[in-house]
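Only this structure's heavy atoms are used, side chains among them; waters, hydrogens and symmetry mates stay out.
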Amino acid sequence: MSIHPAPPASPIATEHPVDLVTEYFGRALDALAAWNLALADDIAAMRRSGPITTDQLDEVVEPSALRLFDTVDLPVYGSGFIAALDSLADANSHLAWWQGPQQAKLVLASQSVNKEHIDYSELEWYRVPHATGKPHVAGPYVDYLCSDEYTITVAAPVHIDGEFVGAVALDLLIDRVERDLTPRLAAFGDDISVVNGVGRVLISTSPARETGDTIRGGDLADFERFACPGMALDVLIAR
């Protein structure tokens, strides 16, 4: 089973910056929500024939992972599936992942690291969907595993009969997100920042703030704070 192409995103009239941010990242969440159900069916069918290998998983993940590049109205840099730890027959861990302009299968730059033996249990894009059972927008962070770039990963858990079997995900590079969103946010003000759940800045219209800076504690008194529904992101607008 494969995911159906997502309908083209329609322009929306945004009355508030939070609407803009929610709609933008919501495109990724909607696409992953459609895929995780289909992939759960595929994995369940494979399991009925015995333990699953990494090659078998790659074969079923690849078509839908590649389709995300063309069907999601976002600058997708990478997409794929992160298998639950110790869930495959021939590897402790595995990323069935494709990325970059060539949409190539992930090959780690360092030959000393094997992507089938990585403990990603504490990485946000795996840990949070696993722990909460809900989709998550992770980042910003420097993705040393895949792109070596400042990255946002949107991930959604995949379950079979209540068992977590992994997460579908896609990567967005911060510089592309900035190009998409910053000019549109700037129409609302010159000191607007999008932050994650710990106050780390994803993007900002203020030249005084950069990706990775933090706004929290007493500094929050200078801003109005608006939560983005369905994702752990807030929009901060200077008072």
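Inter-residue side-chain proximity for Val76 and Trp98 is flagged as unmet; no heavy-atom pair is nearer than 4.5 Å. Side-chain contact check for Ser79 versus Phe69: some heavy-atom pair is nearer than 4.5 Å. Between Val158 and Trp35, every side-chain heavy-atom pair lies at or beyond the 4.5 Å cut-off. In this structure the side chain of Val61 never reaches within 4.5 angstrom of the side chain of Trp97, judged on heavy atoms. At a threshold of 4.5 Å between non-hydrogen side-chain atoms, the residues Ile152 and Ile174 count as touching. Looking at Val194 and Leu185, their side chains come closer than 4.5 Å, going by heavy atoms from C-beta outward. Residues Val198 and Thr214 form no side-chain contact, since every pair of their non-hydrogen atoms from C-beta on lies 4.5 Å or further apart. Residues Val21 and Phe226 form no side-chain contact, since every pair of their non-hydrogen atoms from C-beta on lies 4.5 Å or further apart.
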Evaluation steps, salt bridge (Lys or Arg N to Asp or Glu O under 4.0 Å), between Glu163 and Arg47
CA-CA 13 Å; Glu163 176 192 355; Arg47 280 181 159 191; 3.0 Å; yes
Stepwise, does the side chain to side chain contact (heavy atoms under 4.5 Å, CB included) test hold for His16 with Ile237?
CA-CA 11 Å; His16 193 281; Ile237 303 177; 3.8 Å; yes
Apply side chain to side chain donor-acceptor pair (under 3.5 Å) to the pair Ser121 and Asp119, showing each step before the final yes or no.
CA-CA 6 Å; Ser121 59; Asp119 181 4; 2.6 Å; yes
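Taking OG1 from Thr153 and OH from Tyr126, the interatomic distance works out to 15.0 Å, rounded to the nearest 0.5 Å. Expressed to the nearest 0.5 Å, how far OG1 of Thr205 lies from CG of Asp191 amounts to 6.0 Å. For the atom pair OG1 (Thr211) and CD1 (Ile203), the distance works out to 8.0 Å, reported to the nearest 0.5 Å. To the nearest 0.5 angstrom, Lys105 atom NZ is 11.0 Å from Leu95 atom CG. Expressed to the nearest 0.5 Å, how far CD of Gln56 lies from CG of Leu88 amounts to 9.5 Å. The distance from the CD1 atom of Ile52 to the CG atom of Asp58 is 11.5 Å, given to the nearest 0.5 Å.
A continuous path of hydrophobic side-chain contacts links Ile82 to Leu85 [ILVMFWY only; heavy atoms under 4.5 Å]. Side-chain heavy atoms closer than 4.5 Å link hydrophobic residues (I, L, V, M, F, W, Y) into clusters, and following such links, even through other members, never connects Leu173 to Leu29. Placement of Ile215 and Val235 in two distinct hydrophobic clusters is found when ILVMFWY residues are connected by side-chain heavy-atom separations under 4.5 Å, directly or transitively. Both Val142 and Leu172 are members of a single hydrophobic cluster when ILVMFWY side chains are connected at heavy-atom separations under 4.5 Å. Leu181 and Val72 end up in the same hydrophobic cluster when Ile, Leu, Val, Met, Phe, Trp and Tyr side chains are linked at under 4.5 Å.
A donor-acceptor pair under 3.5 Å is formed between the side chain of Arg200 and the backbone N or O of Gly212. Side chain of Ser204 to main chain of Ser206: a donor-acceptor pair is present (N/O by atom type, distance under 3.5 Å, no hydrogens or angles). A donor-acceptor pair under 3.5 Å is formed between the side chain of Ser93 and the backbone N or O of Ile118. No donor-acceptor pair closer than 3.5 Å links the side chain of Ser87 to the backbone N or O of Ala83.
Residue Asp190 places its CG atom among 12 or fewer non-hydrogen atoms of other residues, nucleotides or ligands, all under 6.0 Å distant. At most 12 heavy atoms of other shown residues, nucleotides or ligands fall within 6.0 angstrom of atom CD in Glu210.
Just one of Val168, Leu32, Leu74 meets the side-chain contact (heavy atoms from CB on, under 4.5 Å) condition when paired with Leu68; it is Leu32.
The heavy-atom pair separating Asp234 from Ala227 by the smallest distance is OD1-CA, 3.1 Å. In terms of heavy-atom proximity, Ala91 sits nearest to Thr54 at CB-CG2, 3.7 Å. Residue Pro135 comes nearest to Pro157 through the heavy atom pair N-CD, 3.7 Å, listed as atom of the first residue, atom of the second, then distance. In terms of heavy atoms, Gly139 sits closest to Asn196 at O-ND2, 2.8 Å. Residues Phe81 and Val165 share a closest heavy-atom pair of CZ-O, 3.3 Å. For Leu233 against Phe25, the heavy-atom pair with the smallest separation is CD1-CD1, 3.7 Å.
Here Ala44 pairs with Arg48, Ile160 under the side-chain contact (heavy atoms from CB on, under 4.5 Å) rule; sequence neighbours left out. Residues satisfying the side-chain contact (heavy atoms from CB on, under 4.5 Å) test with Asp143, not counting sequence neighbours, are Tyr141, Leu145, Cys146, Ser147, Thr151, Asp171.
Aromatic ring orientation, His130 versus Phe164: parallel (interplanar angle below 30°, classes split at 30° and 60°).
A salt bridge between Asp175 and Arg179 is present, with a side-chain N of the basic residue lying under 4.0 Å from a carboxylate O of the acidic one.
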